[in-house]
Enquirer: 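This structure is in structure tokens; I'll ask about it shortly.
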Protein chains: 2
Amino acid sequence: MTMADADKTRLALLDAAYEEIYRNGFQSASLNTILQRTGVTKGALYHHFSSKLKLGYTVVDEIISHKLDEDWLTPMQRTGHPINILIEVIQQAGQKMTREEIQLGCPLNNLAQEMSPIDPGFRQRIDLLYRQWHQGIERLLIDGQQSGAVRSTVNPADTALFILASIEGCLGIAKNSQSIDELKRCAEGLFGYLETLRS
Amino acid sequence: MTMADADKTRLALLDAAYEEIYRNGFQSASLNTILQRTGVTKGALYHHFSSKLKLGYTVVDEIISHKLDEDWLTPMQRTGHPINILIEVIQQAGQKMTREEIQLGCPLNNLAQEMSPIDPGFRQRIDLLYRQWHQGIERLLIDGQQSGAVRSTVNPADTALFILASIEGCLGIAKNSQSIDELKRCAEGLFGYLETLRS
DNA sequence: TCACATACATACTGGTTGGTATGTTTTGAT
DNA sequence: ATCAAAACATACCAACCAGTATGTATGTGA
């Protein structure tokens, strides 16, 4: 067994754990289910992760963090009109979502709502990712102000916070209604707000 | 033992169940904890509620529904400038929240995010409350358009949906950051948006 | 006062949970 | 070839879970 094989089982565990947590929440996620799905034994799991909590932490640090980069942070680094970039990134993220993903919601927000009140370890890790997300939006607004594309009266930090809240809010509403149409209508409201930020 | 006594234990169970669910989510809510806190026995609980699921449903139908009326629907029925009413109701709801409640989030949204993907019974009941909430906001916007206080170009239904999403989004962000200041800054963003709706 | 339903109370069950103790195999450096 | 550490595998455990079976006390209408 090479070290690459060991790493493969570790990643398989993380992938399965992410799925299980995404579908059931962390507290209701079953280690036995994760083991069944991967074919890994309990001994192997506890060799790689010292507890269920550590497994959950690593899912945030590695899997969810990577998805945030891929779907939001990297796309937001494009050059162009900041408001247009923001709208396009949101639209692309929305179109990328399957019906099932709309129903399951935002993995980061799910964990935040469930775990932040009851576990500081989760809260801090989630907070770090939210800060990165927030910073990405804030940077777009600051750049937009410097290029004259965004009204100079808007507070970049506060506005970025509200945009982030609205994105999660729209996803949350659509999650409960289980309706793609409602997600689109909600996003239209968000786009309407973003338009008011232009100079 | 009078019928009033029986109703008292039923309500005690509902109150304790609400608290337990609010703090831990439905799936992780422990019936034994609810029984300990109330001093009620398991036989009594299952006399009043045929299952944990039915207990949870009743918490939504009676406790959470009542809180929605009290904190949002009734205050929104005041007369005056619709946008002002909306801002005031949001501010009052925010000020009413304790530090702990900010940390625990919106009871309705918590349940929606946890249960809507995995149980249709919860989903439908939560959806009903969200529709009432949405309708209350929509009505304010329609009234505002008729009185000339709100721009005629805004779509009341879509805008109400986005406002609702933003409220829940702001509460969700504040829940994770556990910061009253961040809740206020996020709400300021929302108020800024609401201002753009005026004629 | 009798009959019956309501409103509990107690003790228990099967299943699942995260976690552990103890073994075995594999790997890689010496 | 040897040896220690890494990478598993198996079997087990106590605690907890929702739910149930059975019994009892109490109120209420006939």
Side-chain angles (χ1 to χ4, degrees), chain A residues 1-60 62 111 114-115 118-122 125, chain B residues 1-60 62 111 114-115 118-122 125:
Chain A
M1 182 148 311
T2 69
M3 210 196 89
D5 284 341
D7 237 51
K8 229 180 83 180
T9 72
R10 199 189 100 102
L11 288 177
L13 284 170
L14 283 175
D15 277 344
Y18 165 77
E19 275 293 319
E20 174 73 3
I21 292 171
Y22 187 29
R23 294 190 134 72
N24 301 97
F26 175 76
Q27 297 180 94
S28 297
S30 163
L31 294 184
N32 288 329
T33 301
I34 293 170
L35 296 177
Q36 273 176 234
R37 298 241 209 276
T38 53
V40 172
T41 61
K42 192 158 276 192
L45 190 157
Y46 276 89
H47 170 73
H48 287 283
F49 304 96
S50 59
S51 69
K52 184 189 179 185
L53 206 54
K54 291 287 178 62
L55 175 63
Y57 289 170
T58 311
V59 166
V60 177
E62 300 187 16
L111 266 179
E114 181 192 4
M115 297 307 295
I118 55 182
D119 185 85
F122 266 112
R125 285 168 170 81
Chain B
M1 182 148 309
T2 68
M3 210 196 88
D5 285 340
D7 236 53
K8 230 180 82 182
T9 70
R10 198 189 101 101
L11 288 177
L13 284 169
L14 283 176
D15 277 344
Y18 166 78
E19 275 294 319
E20 173 73 3
I21 292 170
Y22 187 29
R23 293 190 134 73
N24 302 96
F26 175 76
Q27 297 179 94
S28 297
S30 162
L31 295 185
N32 288 329
T33 301
I34 293 170
L35 296 177
Q36 274 175 234
R37 297 241 208 274
T38 54
V40 172
T41 61
K42 192 159 275 192
L45 190 157
Y46 275 90
H47 170 73
H48 285 285
F49 305 97
S50 59
S51 69
K52 184 188 181 185
L53 205 56
K54 292 287 178 66
L55 175 63
Y57 289 170
T58 310
V59 166
V60 177
E62 300 188 17
L111 267 178
E114 179 191 6
M115 297 307 294
I118 55 181
D119 185 85
F122 265 112
R125 284 168 171 82

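By convention in this document, chain letters (A, B, ...) are assigned in the order of the sequence lines, proteins followed by strands, and residues within each chain are numbered from 1.
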Enquirer: Tell me whether the side-chain N/O atoms of B:T9 come closer than 4.0 Å to OP1 or OP2 in C:dA7.
Expert: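 Answer no for this pair, as no side-chain N or O of B:T9 is under 4.0 Å from OP1 or OP2.
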Enquirer: Can a donor-acceptor pair under 3.5 Å be found between the side-chain atoms of A:K42 and the base atoms of C:dG19?
Expert: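 Yes, the side chain and the base share a sub-3.5 Å donor-acceptor pair.
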Enquirer: Has A:K52 got its NZ or CZ under 6.0 Å from the middle of the six-membered ring of A:F26, at an angle within 45 degrees of the ring axis?
Expert: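 Yes, a cation-pi geometry holds between A:K52 and A:F26.
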Enquirer: A:E20 has an atom CD; how far is it from atom C1' of C:dT16, in whole Å?
Expert: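 Taking atom C1' of C:dT16 as the reference, CD of A:E20 is at 13 Å.
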Enquirer: Counting only side-chain N and O atoms of B:H47, is one of them less than 4.0 Å from OP1 or OP2 of C:dC8?
Expert: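 No, B:H47 has no side-chain N/O under 4.0 Å of OP1/OP2 on C:dC8.
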Enquirer: Calculate the interatomic distance between B:K52 atom NZ and C:dT16 atom C1'; express it in whole Å.
Expert: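 One finds 13 Å between C1' of C:dT16 and NZ of B:K52, rounded.
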Enquirer: Please tell me if B:H48 has a side-chain N or O lying less than 4.0 Å from either OP1 or OP2 of C:dT6.
Expert: no
Enquirer: Partners of A:D15 by side-chain contact (heavy atoms from CB on, under 4.5 Å), sequence neighbours excluded?
Expert: A:I63
Enquirer: Examine C:dT17: is either OP1 or OP2 under 4.0 Å from a nitrogen or oxygen in the side chain of A:N32? Give yes or no.
Expert: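 Answer yes for this pair, as a side-chain N or O of A:N32 is under 4.0 Å from OP1 or OP2.
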Enquirer: Between the protein and nucleotides 23-25 of chain C, list every N/O to N/O distance that falls short of 3.5 Å.
Expert:
none

Enquirer: Restricting to side-chain contact (heavy atoms from CB on, under 4.5 Å), what partner residues turn up for A:Q27, sequence neighbours left out?
Expert: A:E114, A:M115, A:I118, B:S28
Enquirer: Is B:S30 close enough to D:dC16 that one of its side-chain N or O atoms is under 4.0 Å from OP1 or OP2 there?
Expert: no
